[in-house]
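Everything on this sheet refers to the single structure shown next.
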Amino acid sequence: MIVIESKRKSLESLKAKYPDAMIIDVTSKATDEFVKFSPFYPNGGIPVPFTDDIAVSVEGIWQGLKVFEDADVDTSFFSKRDMKNLKRTTRKYGPCLGHRKGVNGEELLGYIEARKLIYLPCYKWVLENKL
């Protein structure tokens, strides 16, 4: 059985709640090999949906294809390897208008549709090809 819990819970409380469980951190803050499961991890070679580009991380694709009121796609996020400064925020760029369907695409996808057509296929590709 797999149980997903909040990273905000202490390790002690998780051990008490699940005494026989193997507790694995798959966030970008993990300190063991399971960090590779983080969407921020630079697994590399990830195809960017609806374009011929490749990227190093799932989060890099997600952030790079975001379109804001004051900023369009930023392909530089496709090559960021340090797992830091990977967020493009509304504070800096204005309201998020959606995710571009491909680097040169004209269609903007809403959040749920973008998760289904961009984020999930990229993460699935990493699971099947890198992990």
Side-chain angles (χ1 to χ4, degrees):
M1 174 189 330
I2 295 174
V3 177
I4 299 171
E5 288 282 356
S6 171
K7 178 69 175 156
R8 294 187 178 114
K9 291 187 178 177
S10 72
L11 186 57
E12 294 75 29
S13 68
L14 291 173
K15 285 179 178 179
K17 189 173 181 180
Y18 307 104
D20 298 323
M22 178 174 14
I23 298 172
I24 300 171
D25 180 359
V26 295
T27 69
S28 60
K29 305 291 185 204
T31 57
D32 57 22
E33 71 272 16
F34 294 107
V35 70
K36 294 177 183 176
F37 285 84
S38 167
F40 289 77
Y41 189 82
N43 284 294
I46 306 165
V48 178
F50 312 107
T51 189
D52 292 332
D53 288 343
I54 59 167
V56 297
S57 73
V58 173
E59 190 65 23
I61 294 169
W62 182 250
Q63 295 297 327
L65 292 176
K66 266 188 189 177
V67 176
F68 296 88
E69 188 175 81
D70 299 327
D72 205 335
V73 168
D74 186 345
T75 59
S76 72
F77 280 78
F78 296 171
S79 60
K80 290 185 178 256
R81 302 190 71 79
D82 63 1
M83 295 198 299
K84 294 177 179 13
N85 302 315
L86 265 175
K87 296 288 188 178
R88 295 175 71 206
T89 65
T90 57
R91 181 178 294 175
K92 185 171 182 178
Y93 300 108
C96 182
L97 304 178
H99 284 76
R100 192 159 304 284
K101 189 176 180 181
V103 172
N104 299 310
E106 294 186 21
E107 184 178 353
L108 285 182
L109 303 171
Y111 183 82
I112 300 298
E113 191 174 18
R115 280 290 194 196
K116 290 178 182 176
L117 295 177
I118 297 171
Y119 200 92
L120 290 176
C122 292
Y123 194 76
K124 181 177 186 258
W125 187 94
V126 168
L127 290 174
E128 292 173 345
N129 295 278
K130 297 290 184 169
L131 304 174

Can you name the closest pair of heavy atoms from [X] and [Y] and give their distance?
{"X": "Ser28", "Y": "Phe40", "value": "CB-CB, 3.9 Å"}
{"X": "Gly64", "Y": "Phe78", "value": "CA-CE2, 4.0 Å"}
{"X": "Pro39", "Y": "Ser57", "value": "O-CB, 3.5 Å"}
{"X": "Leu86", "Y": "Gly60", "value": "CD2-CA, 4.0 Å"}
{"X": "Phe50", "Y": "Leu117", "value": "CE1-O, 3.7 Å"}
{"X": "Ile46", "Y": "Val58", "value": "CD1-N, 3.7 Å"}

So do [Y] and [X] actually touch side chain to side chain, heavy atoms under 4.5 Å?
{"X": "Lys17", "Y": "Val3", "result": "no"}
{"X": "Tyr41", "Y": "Glu59", "result": "no"}
{"X": "Lys66", "Y": "Gln63", "result": "yes"}

With rounding to the nearest 0.5 Å, note down the distance linking [atom1] in [X] to [atom2] in [Y].
{"X": "Glu106", "Y": "Leu108", "atom1": "CD", "atom2": "CG", "value": "10.0 Å"}
{"X": "Glu5", "Y": "Asp25", "atom1": "CD", "atom2": "CG", "value": "13.0 Å"}
{"X": "Trp125", "Y": "Ile61", "atom1": "CH2", "atom2": "CD1", "value": "9.0 Å"}
{"X": "Phe77", "Y": "Lys87", "atom1": "CZ", "atom2": "NZ", "value": "10.5 Å"}
{"X": "Tyr18", "Y": "Asp20", "atom1": "OH", "atom2": "CG", "value": "13.0 Å"}
{"X": "Glu69", "Y": "Thr90", "atom1": "CD", "atom2": "OG1", "value": "10.5 Å"}

Give the cluster check for [X] versus [Y]: same hydrophobic cluster or not, with ILVMFWY residues linked at side-chain heavy-atom distances below 4.5 Å.
{"X": "Tyr111", "Y": "Tyr93", "answer": "no"}
{"X": "Val73", "Y": "Val56", "answer": "no"}
{"X": "Leu14", "Y": "Ile2", "answer": "no"}
{"X": "Met22", "Y": "Ile4", "answer": "no"}
{"X": "Leu65", "Y": "Ile112", "answer": "yes"}

(message) Could you tell me if Arg88 sits above the aromatic ring of Phe68, with its cationic atom closer than 6.0 Å to the ring centre and no more than 45 degrees from the axis?
(response)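 Here Arg88 fails the 6.0 Å and 45° test against Phe68.
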
Side-chain donor-acceptor pairs under 3.5 Å in residues 97-104, sequence neighbours left out?
from   : atom 1 : to     : atom 2 : distance (Å)
His99  : NE2    : Trp62  : O      : 3.1
Arg100 : NE     : Asp72  : OD1    : 3.1
Arg100 : NH1    : Gly105 : O      : 3.0
Arg100 : NH2    : Asp72  : OD1    : 3.1
Arg100 : NH2    : Asp72  : OD2    : 3.2

(request) With side-chain contact (heavy atoms from CB on, under 4.5 Å) as the test, would you mind laying out the steps for Phe37 and Leu127 before giving the verdict? (result) CA-CA 8 Å; Phe37 285 84; Leu127 290 174; 3.9 Å; yes

Over 12 foreign heavy atoms within 6.0 Å of [atom1], [X]:
{"X": "Asp52", "atom1": "CG", "value": "no"}
{"X": "Asn85", "atom1": "CG", "value": "no"}
{"X": "Lys130", "atom1": "NZ", "value": "yes"}

(request) Ignoring hydrogens and angles, tell me if any N or O in the side chain of Asn43 forms a donor-acceptor pair with the backbone of Lys36 under 3.5 Å. (result)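 Judged by distance alone, yes, a pair lies under 3.5 Å.
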
